[in-house]
Q: 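I have a structure I would like to understand better, so I am pasting it below and will then ask my questions one at a time.
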Protein chains: 2
Amino acid sequence: MKFTMAEENYIKAVYHLQHGQEVVSTNALSAELQTKPASVTDMLKKLKAKKIINYEPYRGVKLSAEGKKVALGIIRKHRLWEYFLVDKLQFGWDEVHEVAEELEHISSNKLIDKLDEFLGHPKFDPHGDPIPDSKGKIIAQPQEQLSRALLHTPVEITAVGSQSTELLELLKHKGLQMGTRLEVKKVFDFDGSLELRIKNQQVVTVSRELASVLFVKSL
Amino acid sequence: MKFTMAEENYIKAVYHLQHGQEVVSTNALSAELQTKPASVTDMLKKLKAKKIINYEPYRGVKLSAEGKKVALGIIRKHRLWEYFLVDKLQFGWDEVHEVAEELEHISSNKLIDKLDEFLGHPKFDPHGDPIPDSKGKIIAQPQEQLSRALLHTPVEITAVGSQSTELLELLKHKGLQMGTRLEVKKVFDFDGSLELRIKNQQVVTVSRELASVLFVKSL
DNA sequence: ACAAAAATTTAGATTTGTCTAAAAATAGAT
DNA sequence: ATCTATTTTTAGACAAATCTAAATTTTTGT
Ligand SMILES: [Mn+2]
Ligand SMILES: [Mn+2]
Ligand SMILES: [Mn+2]
Ligand SMILES: [Mn+2]
C-alpha cells in the first residue's frame, strides 16, 4: 500500500510514542506532530480505515502488525539517510535530522536497498539508534541511562534520546558525542546533576535532564 | 521563496518546454504534466501572482528572470541526484529519472551543495544533459542531431533528447549509450532511417525518429 | 457519587491541487 | 469576413490536510 507524507509522519509518530506506553493518546500525537488534536482525530480515522492502526474513539491508538512494518520501513529510510549525510557528505550529526525528515518519504525501495549496500549495511545511525534491516528487523539495544550509571566506572555514549537541536547544541558545547568515553565522578542529590570525567580530559557537569537522555554502555 | 512540489514541477515543465519556443501553451503544459488544461490555468495564475512567470490569459507563458533561477535550481538537483544514483548506487541510466523526479524536491541547499562536492562537481548527468552550478550557470552545449551528422565521420553520443523508458529500452537493445562512438554509413531517403557502424563492432539500423533524439559531437 | 477539569471528537471552514462541464476567446478555412 | 474548430478560461465540485469553536466523553478530586 502507498501512503502520503502526512500519513507516514503520523505512523512514525505513533511508533515512537508507543515505546513503553500501552496506547498512544490523541494529545501526545498532537504535541509530537505540532498539529491540533482535532486534526489528529481526522487522521486516526483515516489510518484505521486503512488498517494501519487499532483505534477506538476516546480509547487511544496502537499500530497494527501491518502498521509496525510500515513504521519500521520509514525509520529504516530515515536512519540510513542520516548515516549517509554524516558519513559521506560530512554533515554534523546535529544537522541531519531535518533533512532526513524529508528524505525518508522518497518512495523507491530499490533506492533504499542500494543505499544500504553503498553504506556497508550500517547497524546504527549517527545518534546511536539501530537501523532496521530490509525485512524490518531491528536490534533492540538494552539502553542504560547515564543518570543510572555506576560511579567511577568507564562507559561509552551509545545513543541520545532526542534529536532536538537544543540537545545536540548542548552536547557539542560540553564536548560529548557518540562514542565519547567517560565516567561518573559524583552525583549531587540536591538537583540530580552529575560530574563527569571525559576520558583523559576535563571534568564537566551535566544536569539531571541531560543525563536522562544520554545512553551508555559499560566498557 | 519556497515552493510546493506541484509548483516546482510546473516551473520545471515551463523551462523545458520553453526551449526554442517563444511562449509555452496551456495545452503543452497539460500534456507534459498529465493534468487537465483547467488545472494548468489555475496554477499559472498562482505562479503569476508569485512573479515566477509572465502570463497573460490566452497569450501563453514564459518564465521570469526569477523563475529561470528557480527552474535551474530544480534541474541542478534532478541531475545531480541522477548522477549520484548511477555513479554511486549503480543504477542503470534508464532507471534514475523517476527517482530523481522525487529527490529534486528535497529542499536543503546545503545538501545539494555537499552532494555536488561529494560527486566531484560533475558537469553532465547520465543522459548527457549539463548540470547547472550552484549559481545557476549551465553549459549550453551545441547539440548536433545524429540525423544531421556527416557520413563516414566518427562521432560520439553525448546526449539523448528524452528520458522515456521506451527510448532508453530501445537504446539498450541497440547497444547504444552515452559515449558510444560510431559513424553513419548510409541514410535511406525513403524513411529517413540510418545505418550506423558502432566503433569496432556491428552495424545497426536506427529509425529517423530515434536519430532525431540522439545528439552527437564529432571526434 | 458528582462536579469540575481535561481530553477527545464533531461540525463547519480553509487551502492546495485537482477534476468536469460550460462559456469565451483565438486561430484557421473558405 | 464569417463561420468553425481549437484552445483556453471560468464556474462549480471534490479530496487531502489542516484549523477553530463547540459538543461530548472520560478522568479526577473531594
Ligand atoms: Mn518526515
Ligand atoms: Mn537519528
Ligand atoms: Mn518532480
Ligand atoms: Mn537526466
Side-chain angles (χ1 to χ4, degrees), chain A residues 1-14 17-18 20-63 67 70-71 74 101-102 104-107, chain B residues 1-15 17-18 21-63 67 70-71 74 101-102 104-107:
Chain A
M1 209 182 326
K2 298 209 59 200
F3 301 96
T4 65
M5 204 174 293
E7 286 170 341
E8 289 188 345
N9 285 333
Y10 274 89
I11 294 166
K12 191 164 62 107
V14 175
L17 293 170
Q18 202 168 286
Q21 305 295 310
E22 175 59 21
V23 292
V24 177
S25 73
T26 299
N27 267 2
L29 281 165
S30 156
E32 174 84 6
L33 293 162
Q34 318 255 70
T35 58
K36 301 294 163 182
S39 309
V40 174
T41 301
D42 285 346
M43 183 59 92
L44 293 182
K45 285 186 203 163
K46 190 145 61 104
L47 292 177
K48 179 181 177 163
K50 291 194 173 189
K51 300 190 190 295
I52 291 304
I53 58 173
N54 297 120
Y55 163 67
E56 293 305 325
Y58 298 103
R59 288 280 101 95
V61 64
K62 280 202 314 198
L63 287 176
V70 176
I74 302 163
E101 206 53 49
E102 288 183 53
E104 70 189 357
H105 305 292
I106 303 294
S107 60
Chain B
M1 212 183 324
K2 298 209 57 198
F3 301 95
T4 65
M5 203 173 295
E7 286 170 339
E8 289 188 344
N9 284 333
Y10 275 88
I11 294 166
K12 191 164 62 109
V14 175
Y15 180 93
L17 294 170
Q18 202 167 284
Q21 305 295 310
E22 175 58 20
V23 292
V24 177
S25 74
T26 300
N27 267 3
L29 281 164
S30 157
E32 173 83 7
L33 292 161
Q34 317 254 69
T35 58
K36 301 296 167 182
S39 308
V40 174
T41 300
D42 285 346
M43 184 59 92
L44 294 184
K45 286 187 203 162
K46 190 144 62 103
L47 292 178
K48 179 183 175 159
K50 290 193 174 192
K51 301 192 190 290
I52 291 304
I53 59 173
N54 297 121
Y55 163 65
E56 293 305 324
Y58 298 104
R59 289 280 100 96
V61 63
K62 281 203 308 198
L63 289 176
V70 176
I74 302 163
E101 206 53 49
E102 288 183 53
E104 69 189 358
H105 304 292
I106 304 294
S107 60

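Chain A is the first sequence line, chain B the second, and so forth, proteins listed ahead of strands; every chain is numbered from 1.
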Q: Given side-chain contact (heavy atoms from CB on, under 4.5 Å), test V40(A) with Y10(A) step by step and report yes or no.
A: CA-CA 8 Å; V40(A) 174; Y10(A) 274 89; 4.1 Å; yes
Q: Between dA27(C), dT10(C), dT18(C), which nucleotide gets closest to the side-chain atoms of A6(B)?
A: dT18(C)
Q: Looking at side-chain heavy atoms only, is the closest gap between E102(A) and M5(A) below 4.5 Å?
A: no
Q: Take atom CD of E7(A) and atom C1' of dA16(D), then tell me their distance rounded to the nearest Å.
A: 9 Å
Q: Using a 4.0 Å heavy-atom cut-off across all strands, classify P57(B) as base, sugar-phosphate, or nothing.
A: sugar-phosphate
Q: Which part of the nucleic acid does T41(B) contact within heavy-atom distance under 4.0 Å: base, sugar-phosphate only, or nothing?
A: base
Q: Mind checking whether V61(A) and L47(A) have side chains closer than 4.5 Å, heavy atoms only?
A: no
Q: Please tell me if K36(A) has a side-chain N or O lying less than 4.0 Å from either OP1 or OP2 of dA21(D).
A: no
Q: Counting C-beta onward and ignoring hydrogens, is there a side-chain heavy-atom pair between V24(B) and I53(B) closer than 4.5 Å?
A: no
Q: I need the CE-P distance between M43(A) and dC19(D), as an integer number of Å.
A: 11 Å
Q: Grab the CG-C1' distance between L33(B) and dC19(C) for me, whole Å please.
A: 15 Å
Q: Is the shortest side-chain N/O distance from Y10(A) to OP1 or OP2 of dA16(D) below 4.0 Å?
A: no
Q: Nearest-Å distance, CG (L44(B)) to C1' (dT7(D))?
A: 13 Å
Q: Rounded to the nearest angstrom, tell me the gap between atom CE in M5(B) and atom P in dA16(D).
A: 17 Å
Q: Among dT18(D), dT10(D), dT9(D), which is the nearest nucleotide to the side chain of K45(B)?
A: dT10(D)
Q: Is any NZ, NE, NH1 or NH2 atom of the basic residue among E101(A) and K12(A) found under 4.0 Å from an Asp or Glu carboxylate oxygen of the other?
A: yes
Q: Identify, between Y55(B) and T35(A), the residue whose nearest nucleotide on DNA chain D lies closer to the 5' end.
A: Y55(B)
Q: In whole angstrom, what separates R59(B)'s CZ from dA24(C)'s P?
A: 18 Å
Q: Whole angstrom is fine here: how far is it from CG in D42(A) over to C1' in dA15(D)?
A: 13 Å
Q: Hey, does S39(B) reach any base, or is it just sugar-phosphate, or nothing, if we go heavy atoms under 4.0 Å?
A: base
Q: Specify the separation, in whole Å, of atom CG of L29(B) and atom P of dT7(D).
A: 14 Å
Q: Would the number of heavy atoms belonging to other residues, nucleotides or ligands and lying under 6.0 Å from NZ of K62(B) be above 12?
A: no
Q: Let me have a per-nucleotide readout for nucleotides 2-7 of chain C, 5' to 3', with B, S or -, counting only protein heavy atoms under 4.0 Å.
A: -----S
Q: For F3(B) and I52(B): C-alpha separation, side-chain torsions, deciding distance, then whether side-chain contact (heavy atoms from CB on, under 4.5 Å) applies.
A: CA-CA 11 Å; F3(B) 301 95; I52(B) 291 304; 3.5 Å; yes
